[in-house]
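A short worksheet on the structure shown next.
Read the numbers this way: they start at 1 and go in the same order the structure lists the ligands and their atoms.
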Amino acid sequence: MSESVSSSVPSSVGFDAQQHAYQVRIEAMLNSLGEGLIVTDEHGTITTINSYALKALGYQEGDLVGKWMPKSIIAVDQSGRPMQSLRRPIIKALTTGRTVTSYSYYQTKNGAVMPVHINVSPIIIGDVPTGAIEVFRDLTKEQQLDVAKDEFVSLASHQLRTPATAVKSILAMLASGDFGPLTTVQLKYVEKAIQSNNRQLQVIEDLLNVALVDAGRMELDLEYTDLAHLLNEAVSDHIDSLRQKDQSIKLDCDSQVKVLADVQKMRMAIDNLIGNASKYSPPGTFIKVELDRQKEFARLQVIDQGVGIPEEDLPNIFTKFTRLPNEMSSKVGGTGLGLFLTKSIIELHNGKLSVESRAGKGSQFTVCLPLKWSAPS
Ligand code: ADP
């Protein structure tokens, strides 16, 4: 018996030392993390916070540990208004038992506002929620880079548009014989130059529009518009280029489907969808454009028999600069901006753009536009 007591003393000391070493390692690990980490108990009271979080928020450990998180770390919306406690990710994770991911803004101790990406997971032990763990990332640098990139795109495209437009006028004068008659060969090359210049201007226009969308400055000039009429015009304008590619198109539409729309921008969106249906389809295929009235919205569909889009790529195609590596992409030009702009334009009209597609089986893009319209909030 005495043997067992004496042997238990050194083993308990060893256990404490081991536990201390373990704790030191865990703390070192948490403090080396390049992201903010906050652990709370089941009520949302902060129990642990790492160095990154303290530094980013400008607090000392004593300012926050033991305090209720929603009141001690202030989250605000984009306009600086404090967020309600119940809407905070930490509280949502604790009350629902689910992982919550969101973007928000934290107010630092000196009042500055820091954009953050937040991920909070409940800590469940034996089915019982015992707290939550939040990891947040300071997005200040990423946001600054985004702004710089948007400014660059906007500036570069403005600077490019002026000379490209001047070239357009000169080429048009050349082609129409303003500087004397051209030989057949000369005219052929001037026409090629006109095509290239048009493509160049299209890319510049897309970049300028993307810059407007990113800055939240794309504005709509709304009027009641007959979508059937707009589609008729768009389809007619595409017929020649489709014929050259041995493709055909059919329009099937209810007459007089009127929606409130910016004619020029809606036309840009429709042209993008028809243009893509043609670009990503081989010769000999058929494009169907349909318009009908549903209960509360107009539904416009562009259906092709082209290369289709693999399921795993579907969520990415509306992201700017996305181009999928399919058999057509290398043959046809593109910037990966068309669908981003199309979606942005449709959403500015309070509508929705969706896609159904299967690799090798063609694609179906659907636009739904409200028949009764209220401005987006
Ligand atoms: P772009 O055509 O300039 O590359 P988009 O933004 O219009 O850019 O389209 C993004 C990508 O989505 C395209 O590069 C293509 O891979 C794919 N895509 C778009 N429309 C279709 C379609 N109708 N069929 C198959 N793939 C398509």
Which of the numbered atoms in ligand 1 are below 4.0 angstrom from a heavy atom of K279?
1 (P), 2 (O), 3 (O)

Does any N/O atom on G338 come nearer than 3.5 Å to any N/O atom on ligand 1?
yes

Give the residue, atom name and distance (to 0.1 Å) of the protein heavy atom nearest atom 7 (O) of ligand 1.
N276 ND2, 2.8 Å

Considering only heavy atoms of T322, which atoms of ligand 1 have at least one such atom less than 4.0 Å away?
10 (C), 11 (C), 14 (O)

Proximal ligand 1 atoms for G308, defined as those under 4.0 Å from one of its heavy atoms:
25 (C)

Does F365 have a non-hydrogen atom less than 4.0 Å from ligand 1?
yes

Please say whether more than 12 non-hydrogen atoms of neighbouring residues, nucleotides or ligands are located less than 6.0 Å from NZ in K245.
yes

Near S363, which atoms of ligand 1 are under 4.0 Å from a heavy atom of that residue?
22 (C), 24 (N), 25 (C)

Determine whether more than 12 heavy atoms belonging to other residues, nucleotides or ligands lie under 6.0 Å from atom NZ of K55.
no

Please indicate whether F179 has more than 12 foreign heavy atoms, meaning atoms of other residues, nucleotides or ligands, lying under 6.0 Å from its CZ.
yes

Applying a strict under-4.5 Å side-chain criterion to I, L, V, M, F, W and Y, I'd like to know whether I239 and L230 cluster together.
yes

When you look for heavy atoms under 4.0 Å from ligand 1, do you find them on the side chain of M328, its backbone, both, or neither?
neither

Donor + acceptor pair across side chains of N272, T342 (<3.5 Å)
yes

Within 45° of the six-membered ring axis of Y224 and under 6.0 Å from that ring's centre, is NZ or CZ of K258 located there?
no

Would you say NZ of K320 has more than 12 non-hydrogen atoms from neighbouring residues, nucleotides or ligands within 6.0 angstrom?
yes

Check each atom of ligand 1 against the heavy atoms of L324 and keep those under 4.0 Å away; list them by number with element.
14 (O), 16 (O)

Answer yes or no for D304: is there a heavy-atom contact with ligand 1 below 4.0 Å?
yes

Atoms of ligand 1 less than 4.0 Å from L337 heavy atoms?
6 (O), 8 (O)

Taking non-hydrogen atoms only, is L339 closer than 4.0 angstrom to ligand 1 via side chain, backbone, both or neither?
both

Ranked by distance from atom 2 (O) of ligand 1, the top protein heavy atom is Y280 OH, 2.6 Å

Please work out, at 4.0 Å between heavy atoms, whether the side chain, the backbone, both, or neither of N272 comes within that distance of ligand 1.
neither

At what distance is the nearest protein heavy atom to atom 4 (O) of ligand 1, and which residue and atom is it?
R323 NE, 2.6 Å

Atom 26 (N) of ligand 1 - nearest protein heavy atom and its distance:
I309 CG1, 3.4 Å

Answer yes or no: does an N/O atom from I317 fall short of 3.5 Å to an N/O atom of ligand 1?
no

Q202-D206 side chain donor-acceptor pair, cut-off 3.5 Å:
yes

Check this for me, if you would: do R267 and D237 make a salt bridge, where the nitrogen-to-carboxylate-oxygen distance has to be below 4.0 angstrom?
yes

Going by the atom numbers of ligand 1, which of them fall below 4.0 Å from some non-hydrogen atom of G336?
1 (P), 3 (O), 4 (O), 6 (O), 8 (O)

Got more than 12 heavy atoms from elsewhere within 6.0 Å of CZ, R323?
yes

Does the pair E290 and R299 meet the rule for a salt bridge (charged side-chain N to carboxylate O under 4.0 Å, His left out), with working shown?
CA-CA 8 Å; E290 292 179 352; R299 188 180 62 176; 5.5 Å; no

